[in-house]
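What follows is a single structure, written as structure tokens, with notes after it.
In what follows, every chain begins at residue 1, and chains take the letters A, B, ... in the order their sequences are listed.
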Amino acid sequence: MKYWLLKTEPDECSIDDIKNSPEQTMVWDGVRNYQARNNIRDHIQLGDLAFIYHSSCQAVGIVGVVEVVKASYPDPEQFNTSSTLYDLKSSPENPRWFNIDIKFKTKFNRIVSLKQIKSIDVLSDMALIKQARLSVQPVTAEHWQFIHSINNV
DNA sequence: GCCAACGTTGGC
DNA sequence: GCCAACGTTGGC
């Protein structure tokens, strides 16, 4: 089992939106970056866990955990000409973009803020810091556990 | 809202 | 395949 971090703008989709969805499950779509796509398509597996990270908002940081309940499949919206996610250069025979489905697991009592993460030596080599714009990124078991230990204090 | 960082596109 | 121009992300 692997660990991940998924970025989202809470105005679009927050941890509460996931929690309040039917079956507490939602489609994770809209990823249009190749490295993030590769992580979704090739590496994320059923049963993996992921942090949800709120970006571009007042309180930036990790807010909870979700579980991958469906492995990658082509995003149907890339073929929908009236969708903002439409991609002219993609085809059903050779799809470019992939979704997963995720299910709410836990919401942290307190956010683990980006500021906190940046201030902790052990976490300084997280992709979150080193590769600030990667919206779907792996998290090591060490970092995963460390962040949980912060939250539990 | 600004703007630095950086990913993508497209001409050559 | 290079790289300038352009577009987007995301912290502040």
Fit a plane to each ring of A:W144 and A:F51, take the angle between them on a 0 to 90° scale, and name the class: parallel (under 30°), tilted (30 to 60°) or perpendicular (over 60°).
parallel
Sugar-phosphate atoms are those with a prime plus P, OP1 and OP2; base atoms are the rest. Using that split, label each nucleotide of nucleotides 1-12 of chain B B, S or - for protein heavy atoms under 4.0 Å, 5' to 3'.
----BBSS-S--
Residue pairs passing the salt bridge (Lys or Arg N to Asp or Glu O under 4.0 Å) test with at least one member in residues 82-99 of chain A, sequence neighbours excluded, are A:D87-A:R96
Using a 4.0 Å heavy-atom cut-off across all strands, classify A:S55 as base, sugar-phosphate, or nothing.
sugar-phosphate
Base, sugar-phosphate, or nothing for A:K115, non-hydrogen atoms under 4.0 angstrom?
nothing
Trace of the side chain to side chain donor-acceptor pair (under 3.5 Å) decision for A:W4 with A:D48:
CA-CA 8 Å; A:W4 304 93; A:D48 283 357; 3.0 Å; yes
Hey, do the aromatic rings of A:W97 and A:Y34 have their centres closer than 6.0 Å?
yes
Under a 3.5 Å cutoff, is there a donor and acceptor pairing between the side chains of A:N99 and A:D29?
no
